Amino acid sequence: MSQTVGDYLLDRLAIWGVNRIYGYPGDGINGLMGAFSRSSNGKRPEFIQVRHEEMAAFMACGHAKFTGELGVCMATSGPGAIHLLNGLYDAKLDHQPVVAIVGQQARAGLGGNYQQEVDLVTLFKDVAHEFVQMAYDPAQIRHLVDRACRIALAERTVTAIIVPNDLQEADAVPQPPHKHGTVHSGPGYTARRVVPSDDALNRAAEVLNAGERVAMLVGQGALGAGDEVSAVAELLGAGVAKALLGKGVLPDDLPYVTGSIGLLGTKPSWDLMQGCDTLLMVGSSFPYSEFLPEEGQARGVQIDIDGRMVGIRYPMEVNLVGDSAETLRALMARLKRKEDRSWRQQIEGEVKKWWDLIERRARQPADPINPQLVFHELSKRLPDGAILTSDSGSAANWFARDVRLAHGMMASLSGTLATMGPGVPYAIAAKFAHPERPVVALVGDGAMQMNGINELITIAKFRERWSDQRLIVLVLNNRDLNQVTWEQRAMEGNPKFEGSQDLPDFPYARYAELLGLVGIRVDDPNQVSRAWDQALTAGRPVVLEAVTDPEVPPLPPHITIQQAKAMSSALLGGDPNAARIVRQTFRQKVGEFFAAR
Ligand SMILES: Cc1ncc(C[n+]2csc(CCOP(=O)(O)OP(=O)(O)O)c2C)c(N)n1
Ligand SMILES: [Mg+2]
């Protein structure tokens, strides 16, 4: 049998180094599924069947985040393609290279109001605006694949190819005829080297050398530049705050790392930004201006590989467009070591006090379990090389504040879209990409009910493929959409609206057992550490269900008068849990008072 378009498309992806495609079938892509089933020489990418196309897109994004490679997902026409979208936006907003391949109805029927016919080019035009194309002719496939992959990598974005189902079965045209109107592309991409000009580096060094109190803020663009970030911080006597996606840039045991920044951030990061006279931002587009210095307070230098991303968060004096590691290295030679280390010492003192406070907060009693305790105990026993994923929700607060990453660990979440749902699928992608590394997903019960429960089925299906089966899904069973409940209280001044916020209970651990995974349910604070020990040595994927108290406030590092007013209006306005909230908030704040002394 001659090679079909479907065969050729997969083989071309293999040439691009794609060895795994996350997806879900449908008759819009049966020509591609047939090609997967013919993968006789073992070189074709493998099809990984998940429970929902959105999960496939999250997994493609997670793959990109944890490998730096292209992630690929696949879905059928109409409904399948539509399901992909949220996961694709997650990838787009976090700048991950992901290619989506979707089916379409047969060419002859298009425009005929045919079943499942959706205008997919228009639908994908925003999420894949750098490159979305529908194939009409077998001779296009070669350059459509080449361009979709190359553009995704070069622009660190999402691209999409739409392939009508009848075209998938047509004979492949690996080499278009050499004539007018054909395209002859080749595979391969090598990243460019981007370093700012000497002049720009000199100007940046002048600003940084003149400062007396330098703050650094690093984001995911600095992942892989940890050595350079710490060397520059050392020279400048700076403290380093980390945006959420940059949590893995530097380990948290360095005394000058102030941890996360923002609403989910730490007090030392807040103090660092309030007190600095110079800001050096590396590979971050951290959005919340109130957590950055006030305009005019600090002189600024920013480094970003993407010229579109500089100067948009703070009016920087010098914007350096360049690779983080290379640019920092080029800067280093121009920086003078700051001999006055008092600013650095002040930061280190704050950081030490902060970690004491975090421990104190984690130890406060709650009903039944203080969620911070769960994260604190995990943090103490994170195995070497662990990969962490967090969902959106209160887990992201505790992940950001309480978890101390050590050298060599990786962590991610939906940083920019902040969507619910990626915790479990990211963890699955991490496990496929690094089967030998332990993976822990930190997920709320809302996110579990939204999709995590279903993806446990995928874990059960594939777990035996992983050389080390340690994949732990921590579920915070607080029967509440807690993050938003707190937002209703602290931002809107509204009492908790039980109609939208209360969640039904679900037996997460028992369900895991039904699937052949290990289920551990813990509702006693004294059992938390033992539960983690058990989970980390189970030798099989585990769902660790912790029954946690929704009234422990995810306190921001700095409470504004507005937020305090909103909170009191929520409590006076008849919040159903007012008394417990007051008690818990008091406990958490009192912990701070003692730590501050
Ligand atoms: C897809 C999506 N829907 C809604 C939201 C708004 N949202 C953010 S966090 C959250 C609550 C999450 O609840 P849960 O998973 O139970 O975690 P908890 O905060 O209770 O720990 C909601 C509804 C969102 N970010 N994404
Ligand atoms: Mg919840």
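First listed ligand is number 1; within each ligand, the first listed atom is number 1. Sequence positions, counted from 1, serve as the residue numbers for this chain. All of these numbers come straight from a predicted model, not from anything done at the bench.
Atom 13 (O) of ligand 1 has as its closest protein heavy atom L481 CD2, 3.3 Å. For atom 17 (O) of ligand 1, the nearest protein heavy atom (residue, atom name, distance) is G444 CA, 3.6 Å. Atom 26 (N) of ligand 1 has M420 N, 3.1 Å as its closest protein atom, hydrogens excluded (heavy atom only).
Note on R361 versus D402: no salt bridge recorded, every NZ/NE/NH1/NH2 to OD/OE distance being 4.0 Å or above. The pair E377-K380 meets the salt-bridge criterion, since a charged nitrogen lies less than 4.0 angstrom from a carboxylate oxygen. Ionic pairing of K496 and D575 is not present here: no N-O contact between side-chain nitrogen and carboxylate oxygen is shorter than 4.0 angstrom.
In P371, neither the side chain nor the backbone holds a heavy atom less than 4.0 Å from any atom of ligand 1.
Ring-plane geometry between F432 and W466 is classed as perpendicular, the angle between the planes exceeding 60 degrees on a 0 to 90 degree scale with a lower cut at 30. Taking the six-membered ring where the residue is Trp, F291 and Y288 present tilted rings, their angle falling between 30° and 60°.
Between the side chain of K431 and the backbone N or O of R437, at least one donor-acceptor pair lies under 3.5 Å. Counting only distance, with no hydrogens or angles, the side chain of R540 and the backbone of V518 share no donor-acceptor pair below 3.5 Å.
The shortest separation from a heavy atom of A418 to ligand 1 is under 4.0 Å, placing the residue in contact.
An N or O contact shorter than 3.5 Å is missing between V484 and ligand 1 by distance. The N/O atoms of G446, backbone and side chain alike, include one that comes under 3.5 Å of an N/O atom in ligand 1. Taking distance alone, with nitrogen or oxygen atoms compared against 3.5 Å, D445 approaches ligand 1 more closely than that limit.
Atoms of ligand 1 found under 4.0 Å from any heavy atom of S394, numbered from 1 in the order shown, are 18 (P), 19 (O), 21 (O). Contact atoms of ligand 1 toward N482: 18 (P), 19 (O), 20 (O) (distance under 4.0 Å to a heavy atom of the residue). The atoms of ligand 1 that sit less than 4.0 Å from any heavy atom of A447 are 15 (O). Near D480, meaning under 4.0 Å from any of its heavy atoms, are these atoms of ligand 1: 16 (O), 20 (O). Interface of T419 with ligand 1, defined as ligand atoms under 4.0 Å from a residue heavy atom, comprises 1 (C), 26 (N). With ligand atoms numbered from 1 in the order given, ligand 1 contributes 18 (P), 20 (O), 21 (O) to contacts under 4.0 Å with heavy atoms of N478.
If you run side-chain hydrogen bond (donor to acceptor under 3.5 Å, both in side chains) between T485 and each of E498, E551, Q501, only Q501 comes through.
Sparse packing is recorded around CZ of R530, with 12 or fewer heavy atoms of other residues, nucleotides or ligands lying under 6.0 Å away. Within 6.0 Å of the CZ atom in F124, the count of heavy atoms belonging to other residues, nucleotides or ligands exceeds 12.
With a cut-off of 2.8 Å, the Mg ion (ligand 2) has no N, O or S atom of N482 in range.
Closest N/O/S atom of D445 to the Mg ion (ligand 2): OD1. Of all N, O or S atoms in D480, the one lying closest to the Mg ion (ligand 2) is O.
The closest side-chain donor-acceptor pair between Q96 and D94, if any, does not fall under 3.5 angstrom.
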